[in-house]
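Each remark here refers to the structure printed beneath this line.
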Amino acid sequence: DGTFYATTNSIYNMRGLKDLVRNFDSRLDYASFSVATEFGLENGVDQLAKHFESVESLVYEDSLHITEAKPLADYVLSLKGHVNIEDMMTESRINHFYEYLNEIILREGSIDIPKCSGMFIAKKPKKVS
């Protein structure tokens with residue numbers, strides 16, 4: 001009789017960040033990192049509908065408005081283990097990455113990255129036979 005709540009991201013979540021990193025160095029494999037391919041907004045309803053009579057999807061669209069390069073660069077660099085950062089980013093490359101982000105912010109005024117996440121609310125578990 002319970003209700004199951006699950007949050008996840010869209011496969012399009014933070015796509016602008018992936019493009020930004022790829023444009024800096026196409027060898028950085030950030031694009032392949034996404035848990036949403038396993039369970040995301042695009043496939044979660046189908047997965048949950050196998051186990052629940054009712055599945056509702058709530059989408060939350062948002063964006064990051066970035067006006068400082070360092071916090072964004074630090075976030076990307078923190079993805080060790082999910083992206084091949086350690087293999088690619090020497091101290092010199094990290095400094096170039098900061099400069100690359102700063103140049104974009106100076107030219108455009110900010111870096112805006114769309115986000116898309118959401119929540120599933122699943123009710124009435126199906127009876128196991």
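With sequence neighbours excluded, the residues that form a side-chain contact (heavy atoms from CB on, under 4.5 Å) with I94 are L77, M89, Y98. Remark: F4 pairs with F52 by the ring pair (Phe, Tyr, Trp, His ring centres under 6.0 Å) rule, at least two apart or across chains. Listed by chain and number, the residues in a salt bridge (Lys or Arg N to Asp or Glu O under 4.0 Å) with D1 amount to none (sequence neighbours excluded). In this view, S63 satisfies the side-chain contact (heavy atoms from CB on, under 4.5 Å) rule with no residue, not counting sequence neighbours. F39 pairs by the side-chain contact (heavy atoms from CB on, under 4.5 Å) definition with A6, T8, Q47, L48, F120, not counting sequence neighbours. Residues that satisfy the side-chain contact (heavy atoms from CB on, under 4.5 Å) test with S26, not counting sequence neighbours, are R22.
Not a single donor-acceptor pair under 3.5 Å links the side chain of Y5 to the backbone N or O of A122. Without hydrogens or angle criteria, N13 side chain to N9 main chain gives no donor-acceptor distance under 3.5 Å. Put simply, the side chain of N43 gets close to the backbone of G40: a donor and an acceptor are under 3.5 Å apart. Between the S10 side chain and the Y12 main chain, a donor and an acceptor come within less than 3.5 Å of each other.
For the pair I111/L101, a side-chain contact is recorded, criterion being any heavy-atom separation below 4.5 Å from C-beta on. Between I121 and K123, the closest side-chain pair of non-hydrogen atoms falls below 4.5 Å. Inter-residue side-chain proximity for V59 and C116 is flagged as met; some heavy-atom pair is nearer than 4.5 Å.
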Practice prompt. Report the C-alpha distance between L64 and D112 in whole Å, list the side-chain angles of each, state the deciding distance to 0.1 Å, and finish with yes or no for side chain to side chain contact (heavy atoms under 4.5 Å, CB included).
Written response: CA-CA 6 Å; L64 298 174; D112 294 300; over 6 Å; no
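Residues G109 and T67 share a closest heavy-atom pair of O-CG2, 4.1 Å. Of all the heavy atoms in L72 and I113, the pair that sits closest is CD1-CD1, 4.3 Å.
Note on L41 and V45: same hydrophobic cluster, where clusters join Ile, Leu, Val, Met, Phe, Trp and Tyr whose side-chain heavy atoms are under 4.5 Å apart, directly or indirectly. Residues V55 and Y60 are members of separate hydrophobic clusters, defined by side-chain heavy-atom contacts under 4.5 angstrom among Ile, Leu, Val, Met, Phe, Trp and Tyr. M14 is connected to Y100 through a chain of hydrophobic side-chain contacts under 4.5 Å among Ile, Leu, Val, Met, Phe, Trp and Tyr, so both are in one cluster.
A salt bridge links D74 with K70: the closest approach of a Lys/Arg side-chain nitrogen to an acidic carboxylate oxygen falls below 4.0 angstrom.
The environment of CD in E68 is sparse: at most 12 heavy-atom neighbours from other residues, nucleotides or ligands sit within 6.0 Å. Annotation: K126, atom NZ; neighbour count of heavy atoms from other residues, nucleotides and ligands within 6.0 Å is above 12. In the displayed structure, E108 atom CD is contacted under 6.0 Å by more than 12 heavy atoms of other residues, nucleotides or ligands.
In this structure, CG on L28 lies 11.5 Å from CG on N23, to the nearest 0.5 angstrom. Rounding to the nearest 0.5 Å places NE2 of H96 at 11.5 Å from CG of D25. Between the CD atom of E99 and the CG atom of N102 there is a distance of 8.0 Å, given to the nearest 0.5 Å.
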